[in-house]
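Single-structure report; data block below.
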Number of protein chains: 2
Amino acid sequence: MTRTPDSKSLAPAARKPRAVGRRPKGADNKETATVILDAAEKLFSANGFYGVTVRAVADECGVDSALVHYYFGTKQALFDAVFARRTELVNQDRMDAMTRYEEEYGDGMTVEGVATAFLMPLLDRVRHSDPGWKNYFALVGLVNNSRDWGAKTMTAHFDPVVRRFIALLQRALPDAGTEDLFFSYHFLTGALTLTLSDTGRLDRLSDGRCSSSDIEAIAPRMIEYAAAGFRAVCKPRT
Amino acid sequence: MTRTPDSKSLAPAARKPRAVGRRPKGADNKETATVILDAAEKLFSANGFYGVTVRAVADECGVDSALVHYYFGTKQALFDAVFARRTELVNQDRMDAMTRYEEEYGDGMTVEGVATAFLMPLLDRVRHSDPGWKNYFALVGLVNNSRDWGAKTMTAHFDPVVRRFIALLQRALPDAGTEDLFFSYHFLTGALTLTLSDTGRLDRLSDGRCSSSDIEAIAPRMIEYAAAGFRAVCKPRT
DNA sequence: GTCTATAACTGGATAGAC
DNA sequence: GTCTATCCAGTTATAGAC
């Protein structure tokens with residue numbers, strides 16, 4: 001991998017020289033397993049499953065590569081652990097937010113309100129939290145656009161929260177056809193996961209005027225855009 | 001890679017047993033280079049750059065792995081050739097379509113019209129063409145959601161056509177702020193590239209009622225959705 | 001729990017016969 | 001142009017000392 005530091009920089013970052021001393025203990029002693037997960041999350045989000053070696057993960061966090069196997073077994077299991085760790089947390093929050101919103105507004109729900117409950121627990125974490133969350137979300141964006149295994153992974157982890165979202169939308173837009181709702185959701189999730197991927201493309205394209213990590217600017221626009229889109233597509237058809 | 005046919009099927013398809021006879025010549029003699037590009041396109045789109053080996057590409061099309069190096073040099077160069085081959089073609093068509101639209105409608109351009117000129121040359125190829133185009137577009141979807149090198153690759157290949165698109169939108173929506181236009185474009189391209197990725201997720205989520213490869217159903221909705229979204233986000237702000 | 005050492009194998013790439 | 005044979009760096013994973 002380090003054999004092609006050439007042309008397009010498709011290669012992962014050159015591996016750091018093996019950390020000489022061990023990982024410093026004491027003051028900053030997150031559990032070793034957590035340290036490994038954080039490093040793996042960062043690298044997987046940038047280079048995907050195959051673009052990361054167990055050794056690169058170990059070197060990234062100054063831990064011996066045998067320890068990675070000690071804690072997680074296989075590389076695949078490490079990947080799965082990375083993906084699952086934060087998914088549970090954020091999906092629980094999204095479920096709760098949607099439940100609260102439905103209880104409060106009942107038959108007066110709006111597309112904006114439902115979308116806010118669905119999106120904000122997620123976008124809030126991108127906004128305030130440690131870089132670990134950003135890395136995790138970038139990984140979700142990458143997985144969501146990967147054929148076959150990517151879709152299977154998304155389905156396995158996100159179906160319940162998405163079905164709940166669509167059910168609420170159906171109540172907010174009683175005349176909407178089911179297919180229109182699914183397609184509209186598809187457009188929303190594409191916009192969302194591209195934002196989460198935070199590739200820097202928008203930044204470059206706009207000559208720095210806009211950034212895909214500027215959640216303060218993106219969140220209200222995403223909700224406005226999606227709500228208008230849903231209403232346009234999900235109107236009764238002839 | 002074939003070492004983990006376990007859990008999540010994150011592993012690429014098990015390699016076929018080496019084709020015994022050589023690739024059949026005569027009747028079906030596409031150029032060898034083309035055959036290799038098609039195979040590489042298919043595998044890269046499913047598994048990304050690192051998830052594909054030169055040997056897997058060679059086996060996929062019944063060609064010797066040394067031949068892949070003979071024609072393309074490095075694996076990186078092969079990837080670049082795959083990406084560039086169809087990009088030129090489709091972008092030329094999109095440029096032409098936007099130019100024709102502008103010439104015909106001038107100051108009477110609509111968001112729907114501009115979006116149609118931008119999107120349809122691309123979506124038309126997904127609809128009617130050989131599976132090679134589908135594989136290529138899935139690869140674009142994957143690259144667009146990859147950090148760093150993905151964004152750089154997109155910028156290098158797609159910036160001119162996107163800047164042209166945004167310039168036309170600015171004429172169709174004279175009151176729009178530049179940032180609102182960029183963010184709205186960002187949402188559109190997220191929806192587009194998720195569709196192109198054709199991961200099968202929408203199909204599964206909707207229990208088969210909708211498919212991300214059903215372009216007849218998606219294209220009009222995508223244009224409706226995006227146009228409504230652009231108008232909602234790009235209105236004059238206070 | 002952590003490290004060293006190494007087994008067992010896969011990867012990209014090339015030299016050289018035909 | 002095409003194939004065989006091979007080099008060797010880098011890969012996952014484990015056994016076993018501390």
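A note on names: the letters A, B, ... follow the listed sequences, proteins ahead of strands, and every chain is numbered from 1. Owing to the predicted nature of the structure, the values given are computational and were not obtained by experimental measurement.
Ring geometry for Phe158(A) versus Phe83(A): interplanar angle over 60°, hence perpendicular rather than tilted (30 to 60°). Ring pair Phe44(A)/Phe49(A) is parallel by interplanar angle, where below 30° counts as parallel and above 60° as perpendicular.
Relative to the ring axis of Phe118(A), Arg94(A) places its NZ or CZ within 45° and under 6.0 Å from the centre.
Here Phe182(B) pairs with nothing under the ring-ring contact (aromatic ring centres under 6.0 Å, His included) rule; sequence neighbours left out. By the side-chain hydrogen bond (donor to acceptor under 3.5 Å, both in side chains) test, Thr155(B) is found to be paired with Arg201(A), residues two or more places apart in sequence or in another chain being considered.
Tyr71(B) comes within 4.0 angstrom of the backbone, heavy atoms only, and of no base.
Note on His69(B): every side-chain N or O is 4.0 Å or more away from OP1 and OP2 of dT14(C). A close approach under 4.0 Å does not occur between any side-chain nitrogen or oxygen of Thr53(A) and OP1 or OP2 of dG10(D). At least one side-chain nitrogen or oxygen of Thr32(B) sits closer than 4.0 Å to the OP1 or OP2 atom of dT2(D).
Between the CZ atom of Phe49(A) and the C1' atom of dT12(D) there is a distance of 10 Å, given to the nearest Å. In this entry the distance linking CG of Asn47(B) with P of dG11(C) reads 12 Å, nearest Å. For Tyr50(A) and dG11(C), the OH to C1' distance is 15 Å, given to the nearest whole Å. Between the OH atom of Tyr70(A) and the P atom of dG16(D) there is a distance of 17 Å, given to the nearest Å. Atom NZ of Lys30(A) and atom P of dG1(C) are 17 Å apart (whole Å). Note: CG (Leu78(A)) to P (dA13(D)) measures 10 Å, nearest angstrom. At whole-Å resolution of the value, CG in Asp64(A) and P in dC18(D) are 16 Å apart.
If you check distances only, the side chain of Arg55(B) does reach the base of dG12(C) with a donor-acceptor pair under 3.5 Å.
Each of dT2(D), dG12(C), dT2(C) was ranked by its minimum atom distance to the side chain of Leu67(A); first place goes to dT2(C). Among dT2(D), dT2(C), dA13(D), the nucleotide with an atom closest to any side-chain atom of Lys75(A) is dA13(D).
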